[in-house]
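Order of appearance sets the numbers: ligands from 1, and atoms from 1 within every ligand. Small disclaimer: the values here were computed from a predicted structure and weren't measured.
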Amino acid sequence: MAEITESKNFIHAFIEEDIAEGGRFAGKTVHTRFPPEPNGYLHIGHCKALIIDFGTAEKFGGLCNLRMDDTNPTKEDVEFVHAIQEDIHWLGFDWDDRFFYGSDYFEKTYELAEALIQKGLAYVCELTPDQFKEYRGDLTTPATSPYRNRPIEESLDLFRRMRAGEFEDNRYTLRAKIDLASGNFNMRDPVIYRIRHMHHHRQGDKWCIYPMYDFAHPIQDALEGITHSLCSLEFENHRPLYNWVVENVGLAHHPRQIEFARLGIDHTVLSKRKLRALVENNYVSGWDDPRMPTLCGLRRRGYTPASIRNFCDRVGVAKSPNTIEFGFLEHCLREDLNEHAKRVMAVLDPVKLTITNYPEGQSEEFEVENNPNDPEAGTRTVSFSRNLWIEADDFMAEPIPKYKRLFPNGPECRLKGAYLITCTGCVTDENGKVTEVLATYDPESKGGNPADGRKVKGATIHWVDADNCCEAEVRQYSNLFDDPDPDAAGKDFLACLNPNSLEILKNCKVETSLLDAKPGEAFQFIRLGYFTPDSKDSAADHLVFNRSVSLKDSFKPAK
Ligand code: ATP
Ligand code: MG
């Protein structure tokens, strides 16, 4: 299979320039940050951003801070803070003692805002939200504000009274005095503080004015000594404001903002708001439903940190928006599991197979290898008897042309790792349904190899010893959305849901070695796919496996 070649990482190229002799950060340690808003669980899009932030620091021997962006007082929750930390650790990154909250800088941010007013670079405005729209101008007309020339002392007094809680929401705003005629609307005297009488999850009721992200974020970066503030492309037009804030509030350190394209994946939505709607309306079982593109969902599904990091690396860092096939994520998982997953036998849609010439009451054990790709994975034993389970579709009473599996008087087939068998007939119930397949075995073919070296014409079939196996439930997943682009603007994403994204099989038979399987452990069910125990629902008396990914790779990389 052709490789997707890693695209040249332009962020790394910029950083190399910056730290080289004569560069703006010559001789400095590269320092990045990942600033998630703790209002939901991380999804694969955030994962791309955090791999860029932590991975870039790692590459340059630098540091990466984890900062909860809790500037906005709504919707934040400690549950999300812990989940975000857990997900980042799971991916293999760490922030040591550099864990911060944006809200910890509120006092400092307020001081800097007062200083701006004193310099004549900010003023208190009393346009209502509606008037604001009216006065903002258009591409050819500059914005206007009747309050722009309010005396410094008056703005300062009003700003202090805003903080003291004298005014209701939206009565006043604090605006940076930049350029009402700028072609970049973000520079037309943007609001930097607004009144919100709201409880903050960490600050309580201490504040009733909150800084806007565009004001708070560059200050937080500068205070933490961030050299490179890496963010997604929607902030590109905000970069002049980012730079203006750092230059004018008088902080010595000036980070460089660099933007990259957001990751999009087909057949899924990558927006916390939409993911939350799926959870709250019970379209999925929770944020960690194995169909969700959240890190906790992917983990429960059986995704490995290596497969996700590899996926993000190979998708590369681009400057233009890109949508990647979900199939490529699956391809990366399959590659990892093919190397590392233990091979076992499981029958998902069982029918009985009786070996009529094998003595009743007798049993034996075979030693089989755990992973043909990894001799160090060792071997295990599987038991064998006269009564076995095989997949119902490995038998046909009346075979279709070229069918190489079991049918009466058909070709000799190999029972994986055990014996060669020949089908002799079947038993059906009153409806004609096959209830038992009958076969004879060649006692001289132990291990699955004929003593005389004859060629085996039929297929190799997996099986489970019916006298010594476990019952299991197996959950098979497909795309959560039928529509390839449910995230498109203006589309009703809920109408794009695939009603058949979850298939539950209750009557599966698995070999007894799976009794000890732990969540996070990956198994290849031979001929079927890769599976992992469900971390929430699997128990010794009720095994539940999630299909992580099927065996068949439908992903075809573009030439
Ligand atoms: P959402 O729309 O899902 O709520 P967000 O950008 O509001 O996303 P944040 O918690 O603010 O969520 O995101 C933290 C970081 O992750 C930001 O720097 C953001 O740019 C980045 N990010 C979010 N989604 C993606 C994506 N799909 N691809 C790349 N980076 C992303
Ligand atoms: Mg955000």
Side-chain angles (χ1 to χ4, degrees), residues 7 9 11 32-57 64-77 79-85 87-88 91 93 95 100-103 201 212-214 216-218 220-221 224 226 228-239 242 255 257-280 287 292-298 308-309 311-324 326 329 485-489 493:
S7 54
N9 187 327
I11 295 178
T32 59
R33 87 287 170 267
F34 175 60
E37 205 175 333
N39 61 353
Y41 286 74
L42 296 182
H43 55 61
I44 182 93
H46 298 119
C47 186
K48 169 168 178 182
L50 80 91
I51 286 178
I52 291 176
D53 294 326
F54 281 94
T56 299
C64 181
N65 295 0
L66 175 59
R67 184 196 312 144
M68 295 296 146
D69 165 27
D70 60 354
T71 309
N72 189 343
T74 54
K75 302 170 297 206
E76 278 131 8
D77 199 318
E79 173 197 349
F80 298 131
V81 172
H82 292 143
I84 289 169
Q85 292 178 322
D87 285 345
I88 298 174
L91 280 172
F93 295 112
W95 49 88
F100 304 104
Y101 286 92
S103 59
H201 81 122
M212 302 301 286
Y213 184 81
D214 279 343
H217 193 75
Q220 295 161 4
D221 281 349
E224 288 178 13
I226 301 304
H228 295 90
S229 182
L230 313 175
C231 61
S232 40
L233 215 51
E234 69 269 25
F235 294 103
E236 194 172 30
N237 287 333
H238 298 242
R239 189 183 343 128
Y242 183 101
Q257 174 177 305
I258 304 174
E259 310 85 15
F260 55 86
R262 284 173 94 91
L263 170 70
I265 297 189
D266 66 1
H267 295 284
T268 192
V269 294
L270 291 183
S271 134
K272 271 178 285 192
R273 181 181 62 78
K274 292 178 185 170
L275 296 174
R276 179 193 300 274
L278 293 176
V279 174
E280 285 176 355
W287 287 95
M292 291 280 271
T294 49
L295 284 181
C296 51
L298 292 168
I308 294 175
R309 287 179 67 159
F311 168 77
C312 289
D313 284 347
R314 285 162 74 180
V315 162
V317 180
K319 194 77 188 172
S320 53
N322 46 357
T323 299
I324 307 294
F326 195 85
L329 182 58
D485 191 11
D487 224 354
F493 72 104

Heavy-atom pair of closest approach, residues [X] and [Y]:
X    : Y    : answer
G102 : D70  : N-OD1, 3.3 Å
P38  : F80  : O-CD1, 3.4 Å
T294 : W287 : OG1-O, 2.6 Å
G316 : K48  : O-NZ, 3.4 Å

Run the numbers for me: atoms of ligand 1, each under 4.0 Å from some heavy atom of [X], listed by number.
X    : value
S232 : 19 (C), 20 (O)
S271 : 3 (O)
P36  : 10 (O), 14 (C)
A49  : 16 (O), 21 (C), 30 (N)
F34  : 15 (C), 16 (O)

Look at [atom] and find which of [options] reaches it with the closest heavy atom.
atom                    : options              : answer
atom 3 (O) of ligand 1  : H43, R67, M68        : H43
atom 2 (O) of ligand 1  : E37, R273, R262      : R262
atom 25 (C) of ligand 1 : P35, A261, G45, G264 : G45

Problem - Heteroatom distance test (F260, ligand 1): nitrogen or oxygen, under 3.5 angstrom - result: no
Exercise for the section: Examine H46 against ligand 1 and note whether any of their N/O atoms are separated by less than 3.5 Å. Expected result: yes
Handout entry: ligand 1 contact on C231 by region, counting heavy-atom pairs under 4.0 Å
Key =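 For C231, there is no contact with ligand 1 at all, from either part.
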Practice task
Answer whether the closest heavy-atom distance between the side chains of R33 and F100 falls below 4.5 Å.
Solution key: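 Answer no - side chains too far apart.
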Exercise for the section: If the plane angle is over 60° it's perpendicular, under 30° parallel, otherwise tilted; pick one for H217 and Y242. Expected result: tilted
Problem - Within 45° cone of Y41 ring axis and under 6.0 Å: R276 NZ or CZ - result: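 No, R276 does not sit over the ring of Y41.
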Exercise for the section: Using distance alone, with no hydrogens and no angle criterion, decide if T32 and D53 have a side-chain donor and acceptor under 3.5 Å apart. Expected result: no
